[in-house]
Protein chains: 2
Amino acid sequence: MAQSITRQSTELRMSTFRLARRLRLENTDDDLSESQFGVLAVLNRFGPHTLSQLAERERVTAPSMNRTVNFLQERGYLRREADAADGRRSNIVITPEGAVTVRATIDKRDAWLTSRMRDLTLEEREALAAASLIMDRLASE
Amino acid sequence: MAQSITRQSTELRMSTFRLARRLRLENTDDDLSESQFGVLAVLNRFGPHTLSQLAERERVTAPSMNRTVNFLQERGYLRREADAADGRRSNIVITPEGAVTVRATIDKRDAWLTSRMRDLTLEEREALAAASLIMDRLASE
DNA sequence: TATTGTTATACTCTATAACTATA
DNA sequence: TATAGTTATAGAGTATAACAATA
């Protein structure tokens with residue numbers, strides 16, 4: 001019989017935090033934190049966003065995102081472009097250096113997780129891929 | 001065609017961090033952090049552990065776990081019992097108060113995630129349950 | 001010597017509150 | 001008045017390094 005939904009949600013929450021901690025551990029010699037990389041990857045894949053849009057997508061507050069964006073801007077990985085129609089906004093755009101960094105970071109960082117995932121069966125990988133989509137939907141509510 | 005393993009691992013990593021941030025947000029009025037709760041839940045479900053065992057299971061360092069255990073001990077949710085055979089060790093045991101708190105915390109905290117999960121289909125919930133197990137295996141390598 | 005646990009210290013990420021500029 | 005963004009500040013969680021006690 002299936003577990004109760006409560007039990008499933010407890011398990012999912014604990015597994016999510018454990019995996020997040022394990023992944024963070026694997027990053028230590030990286031120059032981008034998980035949050036920083038996440039922003040750059042979104043810009044690279046989905047194009048320019050405003051600060052609020054990034055904050056909402058990554059599930060953090062605007063001040064947190066502002067800090068992350070400042071860091072990435074100082075490194076030259078993105079730039080703020082003034083919005084022609086609304087002086088309060090700026091459009092945040094990845095730079096060529098940022099795009100190169102996304103690619104290099106994926107290659108480097110995914111060594112660990114990708115290699116672990118290669119040891120899984122096809123079915124297990126597909127279960128994780130399906131779960132990723134559902135997790136994003138859960139997070140966006 | 002299935003996505004590449006690299007793409008799958010990037011998606012899983014980003015989804016994991018997004019969901020972790022979203023879940024943490026939901027906890028703010030709780031008296032136990034996710035890490036604190038995780039330890040108590042493990043003790044409640046799997047019995048006594050040494051400090052090292054807890055650190056390894058939860059994927060944190062021993063000093064981090066020590067801090068968490070101290071907090072829970074001060075609150076009266078667990079106690080350290082001297083190990084008869086090895087004076088360096090202590091066995092960390094949940095107290096009755098701790099067990100009550102685990103139960104109450106699950107009920108309170110899972111309101112959000114459980115309610116979101118009720119909106120999913122049975123297949124989606126089973127995909128998440130399957131993924132939780134795989135995520136734990138990934139985290140424990 | 002090696003292992004278990006602890007203390008000291010510092011860093012990263014995040015949040016809330018208060019503020020500025022623009023709509 | 002409301003919204004987008006920013007600055008100031010504080011707190012939680014984690015790590016590494018150094019140490020103490022015991023095996």
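Proteins get letters first, then strands, A, B, ... in listed order; numbering begins at 1 in each. Below, all heavy atoms of this structure are taken into account, side chains as well, without hydrogens, waters or symmetry copies.
At whole-Å resolution of the value, NE2 in B/H49 and C1' in C/dG5 are 17 Å apart. Taking atom CZ of residue B/R24 and atom C1' of nucleotide C/dT12, one finds them 11 Å apart after rounding to whole Å. Remark: C1' of D/dA4 and CG of A/D83 are 11 Å apart, rounded to the nearest angstrom. Put simply, CD on A/E26 is 17 Å from P on D/dT14, counting in whole angstrom units. In this structure, B/F37 places its CZ atom 14 Å from P of D/dG13, rounding to the nearest Å. A straight line from CD of B/E58 to P of D/dT14 spans 9 Å, rounded to a whole angstrom. A straight line from CZ of A/R18 to C1' of D/dG13 spans 17 Å, rounded to a whole angstrom. Atom CG of B/L78 is separated from atom P of C/dG5 by 14 Å (rounded to the nearest Å).
Comparing A/R88 and A/S35 by the nucleotide of DNA chain C that holds the closest heavy atom to each, the one mapping nearer the 5' end is A/S35. The nearest heavy atom of DNA chain C to A/A84 and to B/D86 marks one nucleotide each, and the one closer to the 5' end goes with B/D86.
Each of D/dG5, D/dT14, C/dC13 was ranked by its minimum atom distance to the side chain of A/L51; first place goes to D/dG5. Nearest nucleotide to the side chain of B/N70, out of C/dT14, C/dT7, D/dG5: C/dT7. When each of C/dT6, D/dG5, D/dT6 is scored by its nearest atom to the side-chain atoms of B/R80, the top-ranked nucleotide is C/dT6. With distances taken from any side-chain atom of A/P63 to the nucleotides D/dG5, C/dA15, D/dT7, the minimum falls on D/dT7. When the nucleotides C/dA15, D/dT7, C/dG5 are ranked by their closest atom to the side chain of A/N66, D/dT7 comes out on top.
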Test log, rule side-chain contact (heavy atoms from CB on, under 4.5 Å), inputs B/W112 and B/L23
CA-CA 9 Å; B/W112 181 81; B/L23 289 168; 3.7 Å; yes
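For A/S52, a side-chain nitrogen or oxygen approaches OP1 or OP2 of D/dG5 to under 4.0 Å. Applying the 4.0 Å criterion to OP1 and OP2 of D/dA15, one finds that B/T61 has a side-chain N or O inside that range. For C/dC13, the OP1/OP2 oxygens have no side-chain nitrogen or oxygen of A/T68 closer than 4.0 Å.
A/Q36 contributes a side-chain N or O that, together with a main-chain N or O of A/S33, makes up a donor-acceptor pair within less than 3.5 Å.
Judged by distance alone, the side chains of A/S15 and B/D136 do bring a donor and an acceptor atom under 3.5 Å apart. Between the side chains of B/N70 and B/R80, at least one donor-acceptor pair of N or O atoms lies under 3.5 Å.
Taking both residues in full, the closest heavy atoms of B/E58 and A/R18 are given as OE2-NH2, 2.9 Å, listed atom of the first, atom of the second, then distance.
When heavy atoms are screened at a 4.0 angstrom cut-off, A/Q36 is found touching the sugar-phosphate backbone but no base atom. Counting any heavy atom pair closer than 4.0 Å across all strands shown, B/S64 reaches a base atom. Counting non-hydrogen atoms under 4.0 angstrom, A/R21 reaches the backbone sugars and phosphates but no base.
Remark: A/R24 is not positioned above the aromatic ring of B/F17, lacking an NZ or CZ atom under 6.0 angstrom from the ring centre and at most 45 degrees off the axis.
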